[in-house]
Amino acid sequence: MAERIKVMFSEEEVAQKVEELGRKISEDYAGKEIHLICVLKGSVFFVCELAKRITIPVSMDFMSVSSYGDGTSSSGVVKIAKDLDEALEGKDVLVVEDIVDTGRTLSYLLEILAKRKPNSMKLCTLLDKPSRRVVDVKVDYTGFQIPDEFVVGYGLDYAQKYRNLPYIGVVEGVE
Ligand code: IMP
Ligand code: MG
């Protein structure tokens with residue numbers, strides 16, 4: 001069966017949610033500067049749109065991690081494929097994720113980053129699948145909570161495809 005994508009959140013719904021998050025973050029960090037950390041590749045669309053909606057001074061850095069696993073779920077042992085360019089010491093850091101699933105990758109990542117002594121560190125995710133959580137992760141800003149379905153678009157991929165979709169959808173017709 002050919003793959004089809006069923007829309008879960010339209011381009012307009014995502015844009016509105018990102019604007020809401022940007023406004024809330026700007027209020028919460030009023031008078032400060034914020035250092036956004038984008039976890040490649042899935043978060044790249046989200047971090048760009050979010051940064052444009054934040055009205056306080058923003059700096060950005062990027063990292064890429066891969067987690068060792070059995071292919072279907074992450075083990076939580078994270079290999080840093082590309083580290084950040086800048087130190088975190090003294091910065092108010094906001095880690096920006098596309099989706100929190102089991103929480104394994106992120107909890108390990110946050111542990112590594114906390115050792116770099118940021119002034120503060122919070123987590124913002126566009127999507128959250130709380131029913132899949134294995135490791136407890138404190139999420140400070142969530143775009144949408146979703147059921148246990150595999151979603152694509154707006155940065156999220158299925159076998160490296162569909163990242164470029166401007167909306168978030170569910171892949172149908174895959175085994
Ligand atoms: P975990 O929280 O350690 O299980 O891993 C989260 C990562 O798995 C995310 O950053 C995504 O790269 C990937 N992931 C989890 N659920 C989905 C999904 O529904 N679509 C696409 N990627 C997903
Ligand atoms: Mg990710």
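Counting convention: from 1, in listed order, for ligands and their atoms alike.
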Heavy-atom proximity to atom 20 (N) of ligand 1 ranks first, among Thr125, Leu40, Val151, Ile168, for Val151
Taking only non-hydrogen atoms of Thr105 and a 4.0 Å limit, the atoms of ligand 1 in range are 1 (P), 3 (O), 5 (O)
Check salt bridge (charged side-chain N to carboxylate O under 4.0 Å, His left out) between Asp101 and all other residues, then give those that pass, not counting sequence neighbours. Lys129, Arg132
Considering only heavy atoms of Leu156, which atoms of ligand 1 have at least one such atom less than 4.0 Å away? 21 (C), 22 (N)
Gap separating the CG atom of Leu127 from the CD atom of Gln145, nearest 0.5 angstrom: 10.5 Å
For the 3.5 Å polar cut-off, considering only N or O atoms, please tell me whether Leu106 and ligand 1 meet it. no
Using side-chain contact (heavy atoms from CB on, under 4.5 Å) as the criterion, point out the one residue from Leu106, Ile168, Leu156, Leu126 that pairs with Ile99. Leu156
Pick out which of Val47, Leu36, Leu110 makes a side-chain contact (heavy atoms from CB on, under 4.5 Å) with Val95. Leu110
Consider ligand 1: state whether an atom of it lies below 4.0 angstrom from any non-hydrogen atom of Glu97. yes
Would you mind running through ligand 1 and noting each atom that sits below 4.0 Å from a heavy atom of Thr102? 1 (P), 2 (O), 3 (O), 4 (O)
Heavy atoms only: which of Arg133, Lys129, Glu149, Arg104 lies closest to atom 16 (N) of ligand 1? Lys129
Decide whether the shortest distance between a heavy atom of Val152 and an atom of ligand 1 is less than 4.0 Å. no
Rounded at 0.5 Å granularity, tell me how far CG in Leu109 sits from CG in Leu113. 4.5 Å
Quick note on ligand 1: atoms under 4.0 Å from a heavy atom of Asp157 include exactly 21 (C)
Does the side chain of Val135 reach to within under 4.5 Å of the side chain of Tyr108, using non-hydrogen atoms? no
Check: Gly103 N/O within less than 3.5 Å of ligand 1 N/O: yes
Sorted by first residue and then second, give each side-chain hydrogen bond (donor to acceptor under 3.5 Å, both in side chains) pair with at least one member in residues 45-58; sequence neighbours left out. Ser26-Thr55, Glu49-Lys52
